[in-house]
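Right, one structure below, let's go through it.
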Amino acid sequence: MNIIRNIKGSKDLLPSDVCNWQALESAIHNFTKKFGYKEIRTPIFEESSLFERGVGADTDIVNKEMYSWMDQGNKSLTLRPELTAPVVRAYIQHELGKLNPINKLYYLGPLFRRERPQKGRQRQFHQFGVEVFGSPFPEQDAEVILMAYSLLKSLGLNQINLEINTIGSQDNRAEYISILQNILNDYRTHLSSLDQQRLDKNPLRLFDSKDPKCIELLEDKAPTMYKYISKDDREHFSSVCTMLDALSIPYVHNERLVRGLDYYTHTTFEITSKSLGSQDAICGGGRYDGLVEQLGGPVTPAIGFAAGIERIMLALDTDFAGESIDIFIVAMGSEAIQFGMQIAQELRLKYNLVVVVETLQRSLRSQMREANRLSAKYCIIIGQDEINKATMMVKNMQDGSQDDINKSDIINYFINK
RNA sequence: GUGGCUGUAGCUCAGUUGGUUAGAGCACCUGUUUGUGGCACAGGGGGUCGUGGGUUCAACUCCCAUCAGUCACCCCA
(Lines give C-alpha, C1' and ligand atoms only; values in the text may rest on other atoms or scores of the structure.)
Protein backbone atom coordinates (compact mmCIF):
# COMPACT_ATOMS: atom_id res chain seq x y z
CA MET A 1 0.00 0.00 0.00
CA ASN A 2 1.30 3.42 -0.93
CA ILE A 3 1.75 5.92 1.82
CA ILE A 4 0.09 9.29 1.40
CA ARG A 5 2.52 12.10 0.91
CA ASN A 6 2.23 15.84 1.34
CA ILE A 7 1.07 17.88 -1.65
CA LYS A 8 3.73 18.99 -4.12
CA GLY A 9 5.13 22.35 -3.14
CA SER A 10 3.95 22.08 0.46
CA LYS A 11 6.22 21.27 3.33
CA ASP A 12 6.11 19.68 6.76
CA LEU A 13 7.92 21.65 9.39
CA LEU A 14 9.40 19.08 11.73
CA PRO A 15 10.29 19.91 15.34
CA SER A 16 13.85 20.82 14.36
CA ASP A 17 12.48 23.30 11.78
CA VAL A 18 9.82 24.69 14.04
CA CYS A 19 12.31 26.00 16.57
CA ASN A 20 13.84 28.12 13.78
CA TRP A 21 10.43 29.32 12.67
CA GLN A 22 9.36 30.26 16.15
CA ALA A 23 12.55 32.24 16.65
CA LEU A 24 11.97 34.12 13.39
CA GLU A 25 8.30 34.70 14.12
CA SER A 26 8.92 36.11 17.55
CA ALA A 27 11.68 38.33 16.14
CA ILE A 28 9.14 39.70 13.65
CA HIS A 29 6.47 40.27 16.27
CA ASN A 30 8.91 42.03 18.59
CA PHE A 31 10.31 44.15 15.81
CA THR A 32 6.99 45.42 14.46
CA LYS A 33 5.79 46.10 17.99
CA LYS A 34 8.65 48.57 18.40
CA PHE A 35 7.21 50.59 15.53
CA GLY A 36 3.73 50.51 17.02
CA TYR A 37 2.29 48.33 14.26
CA LYS A 38 -0.66 46.03 15.08
CA GLU A 39 -1.16 42.54 13.78
CA ILE A 40 -4.13 41.69 11.60
CA ARG A 41 -5.24 38.15 10.74
CA THR A 42 -7.59 37.55 7.86
CA PRO A 43 -9.10 34.26 6.65
CA ILE A 44 -7.10 31.83 4.56
CA PHE A 45 -9.79 31.89 1.86
CA GLU A 46 -11.72 34.70 0.25
CA GLU A 47 -14.17 35.28 -2.55
CA SER A 48 -12.28 34.84 -5.80
CA SER A 49 -13.42 38.23 -7.07
CA LEU A 50 -11.39 39.96 -4.36
CA PHE A 51 -8.19 38.88 -6.06
CA GLU A 52 -9.50 39.37 -9.58
CA ARG A 53 -10.32 42.97 -8.71
CA GLY A 54 -7.47 43.61 -6.30
CA VAL A 55 -4.44 41.89 -7.77
CA GLY A 56 -5.46 42.34 -11.40
CA ALA A 57 -7.27 40.03 -13.79
CA ASP A 58 -4.31 40.11 -16.20
CA THR A 59 -1.69 38.96 -13.74
CA ASP A 60 -0.31 35.43 -13.78
CA ILE A 61 -1.27 35.04 -10.15
CA VAL A 62 -4.94 35.38 -11.00
CA ASN A 63 -4.82 33.71 -14.39
CA LYS A 64 -3.02 30.51 -13.65
CA GLU A 65 -1.80 30.29 -10.09
CA MET A 66 -4.88 30.53 -7.87
CA TYR A 67 -6.32 27.59 -5.99
CA SER A 68 -10.00 28.26 -6.62
CA TRP A 69 -13.11 26.12 -6.30
CA MET A 70 -16.87 26.42 -6.21
CA ASP A 71 -18.27 25.77 -2.77
CA GLN A 72 -21.62 24.11 -2.07
CA GLY A 73 -23.35 27.49 -2.24
CA ASN A 74 -22.07 27.94 -5.79
CA LYS A 75 -19.71 30.69 -4.77
CA SER A 76 -16.19 30.86 -6.18
CA LEU A 77 -13.65 30.82 -3.37
CA THR A 78 -9.86 31.08 -3.48
CA LEU A 79 -7.02 30.26 -1.14
CA ARG A 80 -5.34 33.63 -0.75
CA PRO A 81 -2.36 34.05 -3.12
CA GLU A 82 -1.26 37.29 -1.46
CA LEU A 83 -2.32 39.33 1.52
CA THR A 84 -2.60 42.96 0.50
CA ALA A 85 -6.04 42.55 -1.07
CA PRO A 86 -7.50 40.71 1.96
CA VAL A 87 -6.09 43.28 4.37
CA VAL A 88 -7.52 46.08 2.24
CA ARG A 89 -10.85 44.23 2.20
CA ALA A 90 -10.85 44.02 5.98
CA TYR A 91 -9.82 47.66 6.28
CA ILE A 92 -12.79 48.70 4.13
CA GLN A 93 -15.29 46.27 5.65
CA HIS A 94 -14.62 47.27 9.24
CA GLU A 95 -14.21 50.95 8.37
CA LEU A 96 -10.88 51.12 10.14
CA GLY A 97 -10.24 54.47 8.49
CA LYS A 98 -13.04 56.00 10.58
CA LEU A 99 -11.62 54.55 13.77
CA ASN A 100 -8.21 56.07 13.22
CA PRO A 101 -6.74 58.55 10.74
CA ILE A 102 -3.83 56.17 10.27
CA ASN A 103 -3.72 52.39 10.53
CA LYS A 104 -0.36 50.67 10.76
CA LEU A 105 -0.85 46.93 10.35
CA TYR A 106 1.26 43.85 9.87
CA TYR A 107 0.52 40.24 9.07
CA LEU A 108 2.22 36.87 9.01
CA GLY A 109 0.74 33.76 7.47
CA PRO A 110 0.47 31.18 4.71
CA LEU A 111 -0.28 31.94 1.05
CA PHE A 112 -1.01 29.66 -1.87
CA ARG A 113 0.02 29.82 -5.49
CA ARG A 114 0.03 26.93 -7.92
CA GLU A 115 3.49 27.36 -9.42
CA ARG A 116 6.22 24.90 -10.21
CA PRO A 117 8.25 24.62 -7.02
CA GLN A 118 11.91 25.55 -7.00
CA LYS A 119 14.42 27.00 -4.60
CA GLY A 120 12.70 29.69 -2.57
CA ARG A 121 9.32 28.97 -4.11
CA GLN A 122 6.59 26.72 -2.80
CA ARG A 123 2.89 26.31 -3.44
CA GLN A 124 2.13 26.94 0.19
CA PHE A 125 4.52 29.58 1.44
CA HIS A 126 4.53 32.25 4.11
CA GLN A 127 4.81 35.98 4.04
CA PHE A 128 5.28 38.59 6.63
CA GLY A 129 4.17 42.05 5.59
CA VAL A 130 3.17 45.51 6.59
CA GLU A 131 0.35 47.72 5.32
CA VAL A 132 -0.16 51.35 6.30
CA PHE A 133 -3.39 53.16 5.46
CA GLY A 134 -3.90 56.90 5.62
CA SER A 135 -0.63 58.67 4.99
CA PRO A 136 0.23 60.00 1.52
CA PHE A 137 3.52 61.47 2.69
CA PRO A 138 7.08 60.46 1.83
CA GLU A 139 7.89 60.08 5.52
CA GLN A 140 5.54 57.10 5.58
CA ASP A 141 7.30 55.55 2.59
CA ALA A 142 10.60 55.99 4.38
CA GLU A 143 9.29 54.41 7.59
CA VAL A 144 8.04 51.34 5.76
CA ILE A 145 11.29 50.93 3.85
CA LEU A 146 13.24 51.44 7.06
CA MET A 147 11.24 48.66 8.70
CA ALA A 148 11.80 46.23 5.86
CA TYR A 149 15.49 46.91 5.62
CA SER A 150 16.34 47.09 9.29
CA LEU A 151 14.30 44.02 10.19
CA LEU A 152 16.19 41.92 7.68
CA LYS A 153 19.46 43.40 8.92
CA SER A 154 18.59 42.71 12.54
CA LEU A 155 17.91 39.10 11.70
CA GLY A 156 21.50 38.82 10.57
CA LEU A 157 21.08 39.05 6.82
CA ASN A 158 24.17 40.74 5.53
CA GLN A 159 24.24 40.35 1.79
CA ILE A 160 21.08 42.26 1.02
CA ASN A 161 20.48 45.05 -1.45
CA LEU A 162 17.73 47.61 -1.44
CA GLU A 163 16.53 49.03 -4.72
CA ILE A 164 13.92 51.73 -4.99
CA ASN A 165 12.10 53.45 -7.79
CA THR A 166 8.97 55.40 -8.54
CA ILE A 167 6.50 54.32 -11.16
CA GLY A 168 4.24 57.37 -10.84
CA SER A 169 0.48 57.45 -10.92
CA GLN A 170 -1.71 55.03 -12.85
CA ASP A 171 -2.18 57.76 -15.51
CA ASN A 172 1.55 58.40 -15.86
CA ARG A 173 2.08 54.73 -16.21
CA ALA A 174 -0.60 54.24 -18.87
CA GLU A 175 0.91 57.06 -20.89
CA TYR A 176 4.41 55.67 -20.53
CA ILE A 177 3.34 52.17 -21.45
CA SER A 178 1.75 53.28 -24.70
CA ILE A 179 4.83 55.30 -25.63
CA LEU A 180 7.04 52.33 -24.83
CA GLN A 181 4.90 50.04 -26.94
CA ASN A 182 4.98 52.45 -29.89
CA ILE A 183 8.73 52.74 -29.83
CA LEU A 184 9.48 49.06 -29.33
CA ASN A 185 6.97 47.83 -31.86
CA ASP A 186 9.40 48.96 -34.57
CA TYR A 187 12.02 46.61 -33.14
CA ARG A 188 9.64 43.79 -32.50
CA THR A 189 11.57 41.25 -34.54
CA HIS A 190 14.68 41.85 -32.43
CA LEU A 191 12.88 40.47 -29.43
CA SER A 192 12.49 36.87 -28.34
CA SER A 193 9.02 35.45 -28.66
CA LEU A 194 8.66 35.63 -24.91
CA ASP A 195 9.57 39.31 -24.87
CA GLN A 196 7.19 39.96 -27.76
CA GLN A 197 4.42 38.57 -25.61
CA ARG A 198 5.51 40.81 -22.79
CA LEU A 199 5.50 43.80 -25.11
CA ASP A 200 1.81 43.18 -25.82
CA LYS A 201 0.66 42.02 -22.43
CA ASN A 202 2.76 43.78 -19.82
CA PRO A 203 5.46 45.98 -21.37
CA LEU A 204 6.94 47.04 -18.03
CA ARG A 205 8.00 43.45 -17.52
CA LEU A 206 10.44 43.85 -20.39
CA PHE A 207 12.68 45.54 -17.86
CA ASP A 208 12.94 42.19 -16.10
CA SER A 209 14.06 40.40 -19.25
CA LYS A 210 17.25 38.38 -19.04
CA ASP A 211 17.75 38.39 -22.79
CA PRO A 212 20.85 40.52 -23.60
CA LYS A 213 19.34 41.70 -26.88
CA CYS A 214 16.30 42.99 -25.08
CA ILE A 215 18.38 44.68 -22.39
CA GLU A 216 20.49 46.38 -25.05
CA LEU A 217 17.46 47.49 -27.01
CA LEU A 218 15.90 49.04 -23.93
CA GLU A 219 19.18 50.81 -23.13
CA ASP A 220 19.38 52.29 -26.61
CA LYS A 221 15.81 53.06 -27.47
CA ALA A 222 13.54 53.12 -24.46
CA PRO A 223 13.14 56.30 -22.43
CA THR A 224 13.09 55.58 -18.71
CA MET A 225 9.85 55.88 -16.86
CA TYR A 226 11.31 58.58 -14.68
CA LYS A 227 10.96 61.16 -17.49
CA TYR A 228 7.21 60.71 -17.54
CA ILE A 229 6.70 61.09 -13.83
CA SER A 230 4.97 64.30 -12.79
CA LYS A 231 6.86 67.01 -10.94
CA ASP A 232 4.95 66.33 -7.71
CA ASP A 233 5.74 62.65 -7.87
CA ARG A 234 9.39 63.33 -8.48
CA GLU A 235 9.49 65.59 -5.47
CA HIS A 236 7.79 62.91 -3.43
CA PHE A 237 10.37 60.40 -4.53
CA SER A 238 13.33 62.63 -3.83
CA SER A 239 11.95 63.32 -0.36
CA VAL A 240 11.87 59.59 0.24
CA CYS A 241 15.49 59.36 -0.86
CA THR A 242 16.47 62.22 1.41
CA MET A 243 14.79 60.53 4.34
CA LEU A 244 16.55 57.25 3.61
CA ASP A 245 19.87 59.08 3.46
CA ALA A 246 19.12 60.66 6.83
CA LEU A 247 18.32 57.23 8.23
CA SER A 248 21.57 55.81 6.80
CA ILE A 249 19.76 53.23 4.72
CA PRO A 250 21.86 52.26 1.72
CA TYR A 251 19.81 51.99 -1.46
CA VAL A 252 20.16 52.09 -5.22
CA HIS A 253 17.76 54.00 -7.41
CA ASN A 254 17.00 51.47 -10.10
CA GLU A 255 14.95 53.13 -12.81
CA ARG A 256 14.15 49.75 -14.27
CA LEU A 257 12.59 48.36 -11.13
CA VAL A 258 8.95 47.52 -11.82
CA ARG A 259 6.55 45.62 -9.66
CA GLY A 260 4.52 42.65 -10.76
CA LEU A 261 1.17 43.46 -9.32
CA ASP A 262 -1.20 45.98 -10.90
CA TYR A 263 -2.03 47.95 -7.80
CA TYR A 264 1.36 49.56 -7.20
CA THR A 265 1.85 53.28 -7.76
CA HIS A 266 4.60 55.80 -7.03
CA THR A 267 7.28 54.48 -4.69
CA THR A 268 8.29 50.85 -5.22
CA PHE A 269 11.12 48.92 -3.66
CA GLU A 270 12.65 45.51 -3.50
CA ILE A 271 15.22 43.82 -1.30
CA THR A 272 17.27 41.01 -2.78
CA SER A 273 19.83 38.61 -1.39
CA LYS A 274 22.74 37.21 -3.34
CA SER A 275 22.76 34.03 -1.32
CA LEU A 276 19.44 32.86 -2.69
CA GLY A 277 19.77 31.65 -6.27
CA SER A 278 17.38 32.59 -9.00
CA GLN A 279 14.50 33.65 -6.75
CA ASP A 280 16.51 36.36 -5.07
CA ALA A 281 13.74 38.76 -4.02
CA ILE A 282 13.30 38.54 -0.29
CA CYS A 283 10.99 41.48 0.11
CA GLY A 284 8.97 43.64 -2.27
CA GLY A 285 6.65 46.51 -1.75
CA GLY A 286 5.46 49.94 -2.60
CA ARG A 287 2.67 52.43 -2.57
CA TYR A 288 -0.83 51.49 -3.73
CA ASP A 289 -2.81 54.69 -3.40
CA GLY A 290 -5.63 53.53 -5.67
CA LEU A 291 -6.37 50.08 -4.32
CA VAL A 292 -8.69 50.91 -1.43
CA GLU A 293 -10.91 52.94 -3.73
CA GLN A 294 -10.72 50.29 -6.43
CA LEU A 295 -12.07 47.73 -3.97
CA GLY A 296 -14.98 49.96 -3.04
CA GLY A 297 -13.55 51.87 -0.09
CA PRO A 298 -12.91 55.57 0.45
CA VAL A 299 -9.96 57.19 -1.34
CA THR A 300 -7.07 56.20 0.91
CA PRO A 301 -3.33 56.43 0.39
CA ALA A 302 -1.54 53.24 1.37
CA ILE A 303 1.86 51.60 1.29
CA GLY A 304 3.20 48.23 2.30
CA PHE A 305 5.57 45.39 1.64
CA ALA A 306 5.65 41.63 1.80
CA ALA A 307 8.64 39.48 2.71
CA GLY A 308 8.96 35.75 2.04
CA ILE A 309 9.55 33.79 5.24
CA GLU A 310 10.99 30.73 3.47
CA ARG A 311 13.36 32.95 1.51
CA ILE A 312 14.51 34.71 4.66
CA MET A 313 15.06 31.30 6.20
CA LEU A 314 17.13 30.18 3.19
CA ALA A 315 19.23 33.32 3.24
CA LEU A 316 19.79 33.07 6.99
CA ASP A 317 21.00 29.49 6.92
CA THR A 318 21.57 29.37 10.65
CA ASP A 319 20.10 27.10 13.26
CA PHE A 320 18.67 28.69 16.33
CA ALA A 321 19.39 26.66 19.42
CA GLY A 322 16.75 24.11 20.32
CA GLU A 323 15.17 24.46 23.71
CA SER A 324 16.63 22.39 26.50
CA ILE A 325 14.57 21.07 29.38
CA ASP A 326 14.96 21.75 33.08
CA ILE A 327 14.20 18.41 34.68
CA PHE A 328 13.87 14.84 33.46
CA ILE A 329 12.13 12.51 35.86
CA VAL A 330 13.69 9.08 35.81
CA ALA A 331 11.17 6.65 37.22
CA MET A 332 11.39 2.89 37.68
CA GLY A 333 8.12 1.06 38.07
CA SER A 334 4.53 2.22 37.92
CA GLU A 335 4.40 3.47 41.49
CA ALA A 336 7.43 5.66 40.82
CA ILE A 337 6.03 6.98 37.55
CA GLN A 338 2.77 7.94 39.20
CA PHE A 339 4.62 9.79 41.91
CA GLY A 340 6.98 11.35 39.38
CA MET A 341 4.07 12.75 37.46
CA GLN A 342 2.66 14.38 40.56
CA ILE A 343 6.01 16.00 41.36
CA ALA A 344 6.43 17.09 37.76
CA GLN A 345 3.08 18.81 37.72
CA GLU A 346 3.81 20.65 40.94
CA LEU A 347 7.15 21.87 39.61
CA ARG A 348 5.61 23.02 36.35
CA LEU A 349 2.88 25.00 38.03
CA LYS A 350 4.94 26.40 40.86
CA TYR A 351 8.19 27.32 39.10
CA ASN A 352 7.27 27.35 35.45
CA LEU A 353 9.90 24.69 34.76
CA VAL A 354 10.02 22.36 31.77
CA VAL A 355 9.68 18.89 33.25
CA VAL A 356 9.60 15.66 31.24
CA VAL A 357 8.50 12.36 32.76
CA GLU A 358 9.56 8.92 31.51
CA THR A 359 6.57 7.15 29.98
CA LEU A 360 8.33 4.36 28.12
CA GLN A 361 9.24 2.18 31.13
CA ARG A 362 12.85 2.02 30.03
CA SER A 363 15.86 0.93 32.00
CA LEU A 364 17.58 3.45 34.23
CA ARG A 365 20.47 3.64 31.83
CA SER A 366 18.20 4.34 28.88
CA GLN A 367 16.37 6.99 30.79
CA MET A 368 19.63 8.71 31.69
CA ARG A 369 20.61 8.68 28.03
CA GLU A 370 17.29 10.23 27.17
CA ALA A 371 17.80 12.93 29.80
CA ASN A 372 21.19 13.67 28.30
CA ARG A 373 19.77 13.77 24.79
CA LEU A 374 17.19 16.31 25.93
CA SER A 375 19.92 18.41 27.58
CA ALA A 376 18.18 18.19 30.93
CA LYS A 377 19.72 20.35 33.63
CA TYR A 378 18.59 17.98 36.39
CA CYS A 379 17.33 14.46 36.76
CA ILE A 380 15.06 13.37 39.56
CA ILE A 381 15.60 9.65 40.01
CA ILE A 382 12.83 7.62 41.64
CA GLY A 383 13.34 3.88 42.03
CA GLN A 384 12.39 1.23 44.53
CA ASP A 385 15.13 2.30 46.96
CA GLU A 386 13.83 5.84 46.97
CA ILE A 387 10.24 4.74 47.44
CA ASN A 388 11.26 2.58 50.39
CA LYS A 389 13.17 5.44 51.98
CA ALA A 390 10.58 8.08 50.98
CA THR A 391 13.33 10.08 49.23
CA MET A 392 14.42 10.85 45.73
CA MET A 393 17.75 11.41 44.11
CA VAL A 394 18.41 14.71 42.39
CA LYS A 395 21.26 14.66 39.93
CA ASN A 396 22.83 17.78 38.52
CA MET A 397 23.58 16.83 34.93
CA GLN A 398 26.21 19.50 34.42
CA ASP A 399 28.59 18.58 37.23
CA GLY A 400 27.31 15.08 37.99
CA SER A 401 26.66 15.73 41.66
CA GLN A 402 23.80 13.93 43.40
CA ASP A 403 21.66 14.74 46.43
CA ASP A 404 19.30 12.53 48.38
CA ILE A 405 16.25 14.64 49.08
CA ASN A 406 13.33 13.83 51.30
CA LYS A 407 10.09 13.40 49.47
CA SER A 408 8.57 16.35 51.32
CA ASP A 409 11.49 18.67 50.50
CA ILE A 410 11.70 18.06 46.77
CA ILE A 411 9.58 21.03 45.70
CA ASN A 412 11.56 23.47 47.82
CA TYR A 413 14.82 22.08 46.46
CA PHE A 414 14.11 23.77 43.12
CA ILE A 415 13.10 27.09 44.58
CA ASN A 416 16.06 28.92 43.05
CA LYS A 417 16.97 26.64 40.20
C1' G B 1 2.95 24.75 -18.51
C1' U B 2 8.46 23.85 -20.69
C1' G B 3 13.58 22.05 -20.01
C1' G B 4 18.11 19.98 -17.29
C1' C B 5 19.79 16.88 -13.22
C1' U B 6 18.90 13.19 -9.27
C1' G B 7 16.22 8.77 -6.77
C1' U B 8 20.47 2.84 -2.54
C1' A B 9 19.03 2.30 5.63
C1' G B 10 15.78 7.66 9.64
C1' C B 11 19.98 11.28 7.54
C1' U B 12 24.61 12.00 4.35
C1' C B 13 26.52 8.99 0.77
C1' A B 14 29.86 4.51 -1.37
C1' G B 15 28.68 0.29 -4.58
C1' U B 16 34.31 -1.66 -9.88
C1' U B 17 33.62 -3.44 -17.39
C1' G B 18 26.32 -6.13 -15.22
C1' G B 19 28.26 -11.52 -11.23
C1' U B 20 25.79 -14.62 -6.65
C1' U B 21 24.93 -12.70 1.09
C1' A B 22 24.02 -4.45 -1.05
C1' G B 23 28.10 -1.40 2.46
C1' A B 24 30.16 3.01 5.51
C1' G B 25 29.61 7.28 8.75
C1' C B 26 25.96 9.62 11.78
C1' A B 27 21.41 8.42 14.38
C1' C B 28 18.71 4.43 17.04
C1' C B 29 18.76 -0.14 20.41
C1' U B 30 21.52 -3.60 23.80
C1' G B 31 25.80 -4.67 26.55
C1' U B 32 30.85 -3.67 29.02
C1' U B 33 28.40 -0.78 34.36
C1' U B 34 22.55 -6.78 38.15
C1' G B 35 20.49 1.51 39.75
C1' U B 36 23.29 6.36 36.60
C1' G B 37 24.00 10.31 30.97
C1' G B 38 28.22 12.43 27.96
C1' C B 39 33.78 9.46 26.31
C1' A B 40 35.46 4.69 24.67
C1' C B 41 34.82 -0.30 23.12
C1' A B 42 31.73 -4.63 21.59
C1' G B 43 27.35 -6.28 19.48
C1' G B 44 22.38 -5.49 17.21
C1' G B 45 17.92 -3.86 14.48
C1' G B 46 16.64 -1.39 10.11
C1' G B 47 16.73 -1.69 2.70
C1' U B 48 10.86 -5.10 -1.88
C1' C B 49 18.19 -0.34 -4.32
C1' G B 50 11.42 5.28 -6.01
C1' U B 51 7.59 2.26 -8.94
C1' G B 52 6.31 -0.74 -13.34
C1' G B 53 7.95 -3.06 -17.59
C1' G B 54 12.06 -4.67 -20.96
C1' U B 55 17.19 -6.73 -22.38
C1' U B 56 20.24 -10.77 -20.14
C1' C B 57 22.11 -17.15 -17.73
C1' A B 58 22.41 -12.95 -14.23
C1' A B 59 20.24 -5.92 -13.19
C1' C B 60 21.44 -1.40 -7.67
C1' U B 61 24.25 -1.24 -12.41
C1' C B 62 21.90 -1.18 -19.29
C1' C B 63 17.02 0.51 -22.01
C1' C B 64 11.82 2.46 -21.85
C1' A B 65 7.83 4.38 -19.15
C1' U B 66 5.99 6.46 -14.76
C1' C B 67 6.15 8.86 -10.04
C1' A B 68 8.81 11.88 -6.72
C1' G B 69 12.57 15.37 -5.56
C1' U B 70 15.61 19.30 -7.26
C1' C B 71 17.41 23.40 -10.26
C1' A B 72 16.23 26.74 -14.14
C1' C B 73 12.50 29.30 -17.55
C1' C B 74 7.62 31.91 -17.08
C1' C B 75 6.00 34.69 -12.83
C1' C B 76 6.69 36.26 -8.04
C1' A B 77 8.03 37.01 -1.75
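Letters go in sequence order (proteins before strands), and every chain restarts at 1. Both backbone and side-chain heavy atoms feed into the values below; hydrogens, waters and symmetry mates do not.
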ask   = Hey, does A:Gly400 reach any base, or is it just sugar-phosphate, or nothing, if we go heavy atoms under 4.0 Å?
value = base
ask   = More than 12 heavy atoms of other residues, nucleotides or ligands under 6.0 Å from CZ of A:Phe45: is that the case?
value = no
query = Where the side chain of A:Lys119 is concerned, which of B:rC71, B:rC74, B:rU36 is the nearest nucleotide?
reply = B:rC71
query = Is the A:Phe414-A:Tyr378 ring centre distance short of 6.0 angstrom?
reply = yes
inquiry  = With rounding to the closest Å, how many angstrom separate the C1' atoms on B:rG45 and B:rU6?
reply    = 29 Å
query = When the distance from CG of A:Asn372 to C1' of B:rA27 is rounded to whole Å, what number comes out?
reply = 15 Å
query = According to a strict under-4.0 Å criterion, is A:Gln118 in side-chain N/O contact with OP1 or OP2 of B:rC71?
reply = no
query = Is a donor on one side and an acceptor on the other found under 3.5 Å between the side chain of A:Asp233 and the backbone of A:Ile229?
reply = no
key: Between C1' of B:rG35 and CE of A:Met332, the distance in whole Å   = 6 Å
inquiry  = For a quick check of understanding: with a heavy-atom distance under 4.0 Å over all strands, which category does A:Ile381 fall into, base, sugar-phosphate or nothing?
reply    = base
note = 5'-most contact on RNA chain B (nearest-nucleotide basis), A:Gly308 vs A:Arg373, goes to A:Arg373
message = Tell me whether the side-chain N or O atoms of A:Glu386 pair up with the base of B:rG35 as donor and acceptor below 3.5 Å, since no angle test is needed here.
response = yes
query = Any cation-pi pair here, A:Lys11 with A:Phe125, using under 6.0 Å and within 45°?
reply = no
ask   = So what is the 5' to 3' dot-bracket string for RNA chain B, if pairs are Watson-Crick or G-U wobble with both distances under 3.5 Å, crossing pairs use [ ] and | means the partner sits on another strand?
value = (((((((..((((.....[...)))).(((((.......))))).....(((((..]....))))))))))))....
task = Pick base, sugar-phosphate or nothing for A:Lys395, based on heavy-atom distances below 4.0 Å to the nucleic acid.
result = base
query = Do any side-chain nitrogens or oxygens of A:Lys64 fall under 4.0 Å of OP1 or OP2 in B:rC75?
reply = no
query = Which word best sums up how the rings of A:Phe128 and A:Phe305 line up, parallel for under 30°, tilted for 30 to 60°, or perpendicular for over 60°?
reply = perpendicular
Atom OH of A:Tyr413: over 12 foreign heavy atoms under 6.0 Å = yes
ask   = Under 4.5 Å between any side-chain heavy atoms of A:Arg113 and A:Arg123, yes or no?
value = no
ask   = Looking only at atom C1', what distance separates B:rA59 and B:rG53, rounded to whole Å?
value = 13 Å
remark   = Once base and sugar-phosphate atoms are separated, protein heavy atoms under 4.0 Å mark nucleotides 3-11 of chain B, 5' to 3', with B, S and - as B--------
inquiry  = Without decimals, in angstroms, what is the distance between A:Leu276 CG and B:rU70 C1'?
reply    = 15 Å
inquiry  = Rounded at 0.5 Å granularity, tell me how far OG1 in A:Thr391 sits from CG in A:Asn406.
reply    = 7.0 Å
inquiry  = Nearest 0.5 Å, please: how far is CG in A:Leu50 from OG1 in A:Thr42?
reply    = 9.0 Å
request  = Verify salt bridge (charged side-chain N to carboxylate O under 4.0 Å, His left out) between A:Glu370 and A:Arg365, making sure each step is shown before the conclusion.
outcome  = CA-CA 9 Å; A:Glu370 178 76 8; A:Arg365 181 187 168 77; over 6 Å; no
task = Quick one: label A:Phe128 by what it contacts on the DNA or RNA (base, sugar-phosphate, nothing), any heavy atom closer than 4.0 Å.
result = nothing
ask   = Can you tell me how far P in B:rC41 sits from the matching atom in B:rC5, rounded to whole Å?
value = 43 Å
Nearest-angstrom distance, P atom, B:rG50 to B:rU12 = 14 Å
query = Centres of the A:Tyr91 and A:Phe133 rings: under 6.0 Å?
reply = yes
request  = Keeping the roles fixed (side chain from A:Thr265, backbone from A:Asp289), state whether a donor-acceptor pair exists under 3.5 Å.
outcome  = yes
message = Applying a 4.0 Å non-hydrogen cut-off, can you work out what A:Gln384 is touching in the nucleic acid: base, sugar-phosphate, or nothing?
response = base
ask   = When all nucleic acid strands are considered with a 4.0 Å heavy-atom cut-off, which category describes A:Ala371: base, sugar-phosphate, or nothing?
value = nothing
query = A:Gly120 near the nucleic acid: base, sugar-phosphate alone, or nothing, with a heavy-atom cut-off under 4.0 Å?
reply = base
task = Rounded off to whole Å, could you give me the CG-to-P distance for the A:Asp385 and B:rG35 pair?
result = 9 Å
message = Both A:Asn6 and A:Glu115 contact RNA chain B. Taking the nearest nucleotide for each, which residue is further toward the 5' end?
response = A:Asn6
inquiry  = Does B:rC73 have its OP1 or OP2 closer than 4.0 Å to a side-chain nitrogen or oxygen of A:Gln279?
reply    = yes
request  = Let me know the distance between CD1 of A:Ile160 and P of B:rA77, rounded to the nearest Å.
outcome  = 17 Å
task = Using the P atom on both, measure B:rG23 against B:rA40 and round to a whole Å.
result = 25 Å
request  = Report yes if at least one side-chain N or O of A:Gln402 is closer than 4.0 Å to OP1 or OP2 of B:rU36; otherwise report no.
outcome  = no
inquiry  = Heavy atoms only, 4.0 Å cut-off, all strands: where does A:Leu364 land among base, sugar-phosphate and nothing?
reply    = base
key: 4.5 Å side-chain heavy-atom contact, A:Thr268 and A:Thr166   = no
ask   = Quick one: are A:Gln367 and A:Phe328 in side-chain contact, heavy atoms under 4.5 Å?
value = yes
For nucleotides 31-33 of chain B, give me every protein contact, N/O to N/O, under 3.5 Å, one pair per line with atom names.
unit_1 : atom_1 : unit_2   : atom_2 : d
B:rU32 : O4     : A:Arg365 : NH2    : 2.5
B:rU33 : O2     : A:Arg365 : NH1    : 3.4

inquiry  = Can you check the distance between B:rU33 and B:rU20, where both ends of the measurement are the P atom (answer in whole Å)?
reply    = 41 Å
note = Separation of B:rG37 atom C1' from A:Phe328 atom CZ, nearest Å, is 11 Å
query = Using atom C1' of each nucleotide, how far apart are B:rC29 and B:rG37 to the nearest Å?
reply = 16 Å
ask   = In whole angstrom, what separates A:Glu310's CD from B:rC71's P?
value = 13 Å
inquiry  = Angle between ring planes, A:His236 versus A:His266, binned at 30° and 60°: parallel, tilted or perpendicular?
reply    = tilted
ask   = Mind checking the P distance from B:rA9 to B:rG47? Whole angstroms is fine.
value = 11 Å
task = For B:rC73, take OP1 and OP2 only and decide whether either is under 4.0 Å from a side-chain N or O of A:Arg198.
result = no
query = So, is A:Arg5 near the phosphate of B:rC67, with a side-chain N or O under 4.0 Å from OP1 or OP2?
reply = no
Atom-to-atom span, CG of A:Asp60 to P of B:rU2 - whole angstrom = 16 Å
